[in-house]
Amino acid sequence: MPTAPIPAEVRAHADELRAQLARHDHAYYVLNEPLVPDAEYDRLFRKLAALETHWPALVTPDSPTQRVSGTPAPELAAVAHSVPMLSIRTETDDTAAGALAFDARVRNALNLAADAPPVQYHAELKFDGLAVSLRYEHGRLVCAATRGDGQTGEDVTHNVRTIGQIPLRLRGEGAPPLVEVRGEVYMRHDAFAALNERQEKTGGKLFANPRNAAAGTLRQLDARIAAQRPLAFFAYGLGASQGFAVPDTQDGLLAQFAAWGFPVCSERTVAAGAQALAAFHEHVAAIRADLPFDIDGVVYKVNRLDWQARLGFVSREPRWAVAHKYPPQEAVTEVLDIDVQVGRTGALTPVARLRPVAVGGVTITNATLHNQDEIERKDIRVHDTVVVRRAGDVIPEVVRALPERRPAEAVKFDLLARYPVCPVCGSRVVRNADEAVARCTGGLFCGAQRKQAILHFAGRRAMDIEGLGEKLVEQLVDENIVRSPADLYRLSVAELARCERMGERSASKLLEAIDGSRATTMARFLFALGIRNVGERTAKDLASHLQTVEALMGADEDALQRVPDVGPIVAQSIVDFFAEAHNRDVLAALLDAGIHWPAPPAPVAAKADHPVRGQTFVLTGTLPTLSRDAARERIEAAGGKVAGSVSRKTRYVVAGEAAGSKLEKAQALGIEILDEAALLALLAAHDETENPSSQGV
Ligand code: IVH
């Protein structure tokens with residue numbers, strides 16, 4: 001690399017390229033009107049990248065080479081919701097009774113006399129997409145976040161910016177200093193069909209329904225992918241606001257949203273009293289099949305916002321709103337055949353191939369039958385006429401057979417008889433006595449498991465190889481460049497650069513990431529192997545109790561069960577894994593490739609009086625500096641456990657900003673609450689007493 005000062009004309013050239021690229025980015029992402037063809041953009045981009053490689057001192061953080069385009073964000077950042085995004089209580093009674101019950105609860109809570117006039121409600125559709133919160137400061141969109149757990153969502157601003165329907169600036173004069181507009185991001189049926197068609201052509205993954213497609217798109221790290229998949233939006237609620245003269249009613253609020261330029265669904269009404277709500281429910285049921293998007297019910301809201309405030313919340317659900325659902329959507333069709341799908345862990349799932357049938361705007365062509373026991377319990381046979389159901393976001397399922405319509409040629413299905421060997425790799429299929437599931441024994445060798453096995457291996461919590469995504473793994477496996485995780489460590493830039501959408505620069509970046517992953521921990525490595533029933537926690541326990549891979553491979557079921565939390569099933573899975581010669585081969589090849597780790601931490605014995613070791617922590621809210629993963633890692637490294645919910649066993653609750661119900665529960669139970677500083681102090685004290693000298697590697 002030249003160390004001489006960068007010549008002025010090089011600097012000027014880079015500046016010019018950056019300015020051009022920024023202009024193109026703006027036109028492409030924000031205006032959705034590219035100024036130049038992609039190839040021209042790529043040419044400029046490569047030119048700049050080449051300059052920056054040659055003169056590393058030229059790289060600035062705001063260079064287009066350093067952001068989303070081409071180099072997706074490593075992960076979605078967390079966004080704390082200052083006003084939580086709540087869920088709504090669901091009224092499942094699908095008759096008028098649902099509306100009556102809600103109205104009665106509202107009148108009662110408002111202390112209205114029996115002869116008081118009917119309550120004014122606002123009735124809306126319940127869109128089947130994803131809730132997002134759009135934050136506008138002085139009229140500009142500054143952040144878009146998913147709902148997440150209601151307290152903390154994910155930053156999807158980059159993708160939301162590509163949604164043409166969402167204004168980047170609020171229309172009209174006098175935008176408030178702050179307003180959060182909430183609503184649903186969804187995908188229309190036509191966009192969904194077009195997307196799946198394209199996916200099929202390009203060999204991409206098919207989405208089960210528009211909701212999954214919208215969710216998958218919104219959570220993309222690369223905004224260009226979202227830009228190619230038209231998402232849509234409806235505004236329906238208000239989050240935080242400052243300096244905003246909030247209208248008196250929900251109806252007025254939605255009118256304001258429309259004036260700012262948001263799409264507001266016109267299928268809505270102000271309804272006086274329960275009968276009017278029930279009429280809306282019935283009306284929507286009648287038009288539902290003709291809507292160009294999915295809904296899963298209607299929502300009733302008290303129209304007056306001051307009354308909403310008076311009604312407040314119970315257990316994190318507003319008392320002023322209710323979702324009134326429709327019964328699940330069912331249809332009748334024929335089972336043409338039953339075959340199996342082989343999953344990452346080798347599970348063979350029987351799948352009914354159906355005569356295509358439309359259910360709620362989506363054509364169903366197959367449905368899961370779960371496992372052999374389910375097939376027998378429901379007595380479903382090939383050529384049977386069956387009822388299939390699509391409920392919310394779940395995979396379609398076969399509800400029941402109609403034996404009265406069973407033809408003479410209907411045949412029972414016996415999975416093991418039909419698939420004695422795996423349809424993908426030809427390895428033996430077995431079914432353990434205690435399991436409902438039949439499995440392929442091909443492990444890392446089976447083609448069906450290979451892609452998933454490699455993806456899992458490269459995953460963030462496993463070997464953490466950044467940039468090795470689904471598309472690339474698919475290509476590498478399909479073209480036989482990579483057959484097992486060990487092959488990753490033999491890849492060359494030339495081989496990678498032959499893959500679609502892989503320039504030399506990304507190829508060498510990926511190789512760097514692969515190379516870097518060689519230095520890992522034993523726990524990550526064990527988890528990465530994808531041994532059935534060995535999750536992260538178990539991998540950590542195995543590493544600290546057995547210390548070496550040799551000891552693990554040599555351990556029999558009894559020895560394995562002496563590791564805390566390892567029972568007979570986990571022990572059996574480990575023994576089975578190492579019994580397969582090809583799994584041992586892959587493992588040896590990985591170690592040959594130079595994967596190494598420091599000695600695992602020694603096992604920690606739980607002691608009730610120890611401040612950290614053996615104690616259970618619960619994390620809630622957003623901590624000022626530590627991410628959840630980082631906090632968890634540090635607590636676990638000190639021998640503590642992190643649980644998902646507060647119980648009497650919880651020793652500490654670590655609460656950050658926008659902490660929610662977990663904090664309330666901890667207070668109610670009198671559990672000690674720590675902030676980040678207190679947690680760090682506790683961990684530091686622990687380090688001093690436990691590890692007076694640092695451990696060598
Ligand atoms: S209002 C406090 N209105 O339903 C009430 N939600 O269970 C906040 N949804 O995650 C929600 N259509 O994704 C509201 N017209 C509508 C809705 C709607 C769909 C979803 C939303 C939320 C879930 C609440």
Side-chain angles (χ1 to χ4, degrees), residues 79 81-92 98-99 102 105-106 109 121-134 144-154 156 160 180-188 209-212 214-215 218-219 231-241 246 249-251 253-255 257-258 262-271 277 280-281 283-284 288 291-305 307-326 360 391-393 660-661:
V79 174
H81 299 298
S82 55
V83 174
M85 293 183 77
L86 302 160
S87 56
I88 335 180
R89 171 179 167 146
T90 300
E91 205 64 72
T92 42
F102 173 58
R105 281 200 308 275
V106 167
Y121 295 102
H122 192 264
E124 306 170 10
L125 302 184
K126 186 163 193 297
F127 312 108
D128 198 8
L130 268 102
V132 295
S133 186
L134 310 175
T146 61
R147 173 165 179 252
D149 63 3
Q151 307 289 338
T152 310
E154 288 176 317
V156 290
V160 163
E180 282 176 8
V181 176
R182 290 178 174 176
E184 200 87 348
V185 167
Y186 66 97
M187 194 177 278
R188 286 169 52 106
N209 54 48
R211 199 192 111 85
N212 286 1
L218 205 57
R219 301 193 64 252
L231 292 172
F233 179 75
F234 281 128
Y236 57 60
L238 180 67
S241 74
V246 182
T249 61
Q250 171 73 6
D251 184 40
L253 184 66
L254 295 195
F257 289 164
F262 293 96
V264 170
C265 183
S266 56
E267 233 13 282
R268 62 191 185 94
T269 192
V270 175
L277 289 179
F280 182 78
H281 186 257
H283 158 71
V284 173
R288 182 180 185 193
L291 290 171
F293 48 82
D294 278 358
I295 60 164
D296 57 350
V298 292
V299 180
Y300 309 140
K301 300 174 181 173
V302 169
N303 199 28
R304 279 178 62 166
L305 300 187
W307 280 11
Q308 289 188 3
R310 238 172 86 190
L311 285 158
F313 302 87
V314 259
S315 59
R316 320 208 54 73
E317 290 171 343
R319 249 193 298 223
W320 47 264
V322 81
H324 196 174
K325 296 226 178 174
Y326 291 105
D393 55 1
S661 58

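The first residue in the sequence is number 1, and the count goes up from there. Remember, it's 1-based here, ligands and their atoms both numbered in the order they're listed. Bear in mind the structure is a predicted one, so any value in this text is a computation, not a measurement.
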### Task
Would you please test Lys301 and Leu253 for side chain to side chain contact (heavy atoms under 4.5 Å, CB included) and show each step?
CA-CA 12 Å; Lys301 300 174 181 173; Leu253 184 66; over 6 Å; no
### Task
Go through the steps for Arg268 and Tyr236 under the test side chain to side chain contact (heavy atoms under 4.5 Å, CB included), then give the verdict.
CA-CA 11 Å; Arg268 62 191 185 94; Tyr236 57 60; over 6 Å; no
### Residue among Lys126, Arg288, His324 satisfying side chain to side chain contact (heavy atoms under 4.5 Å, CB included) with Val298
His324
Check each N or O atom of ligand 1 against all protein N or O atoms and list the pairs under 3.5 Å, with atom names and distances to 0.1 Å, one per line.
| residue | atom | partner | partner atom | Å |
| --- | --- | --- | --- | --- |
| ligand 1 | 3 (N) | Lys301 | NZ | 2.9 |
| ligand 1 | 4 (O) | Lys126 | NZ | 3.4 |
| ligand 1 | 7 (O) | Ile88 | N | 3.0 |
| ligand 1 | 12 (N) | Phe127 | N | 3.1 |
| ligand 1 | 13 (O) | Glu184 | OE1 | 2.6 |
| ligand 1 | 13 (O) | Glu184 | OE2 | 3.2 |
| ligand 1 | 13 (O) | Tyr236 | OH | 3.3 |
| ligand 1 | 15 (N) | Glu124 | OE1 | 2.8 |
| ligand 1 | 15 (N) | Leu125 | O | 3.0 |

### Message
For a side chain to side chain contact (heavy atoms under 4.5 Å, CB included) check, start with the C-alpha distance between Tyr326 and Val284, then their side-chain angles and the critical distance, and finish with the verdict.
### Response
CA-CA 10 Å; Tyr326 291 105; Val284 173; 3.3 Å; yes
### Query
Can you tell me how far the CD atom of Glu124 sits from the CD atom of Glu184, to the nearest 0.5 Å?
11.0 Å
### Task
Go through the structure and list residues passing side-chain hydrogen bond (donor to acceptor under 3.5 Å, both in side chains) with Arg319, not counting sequence neighbours.
none
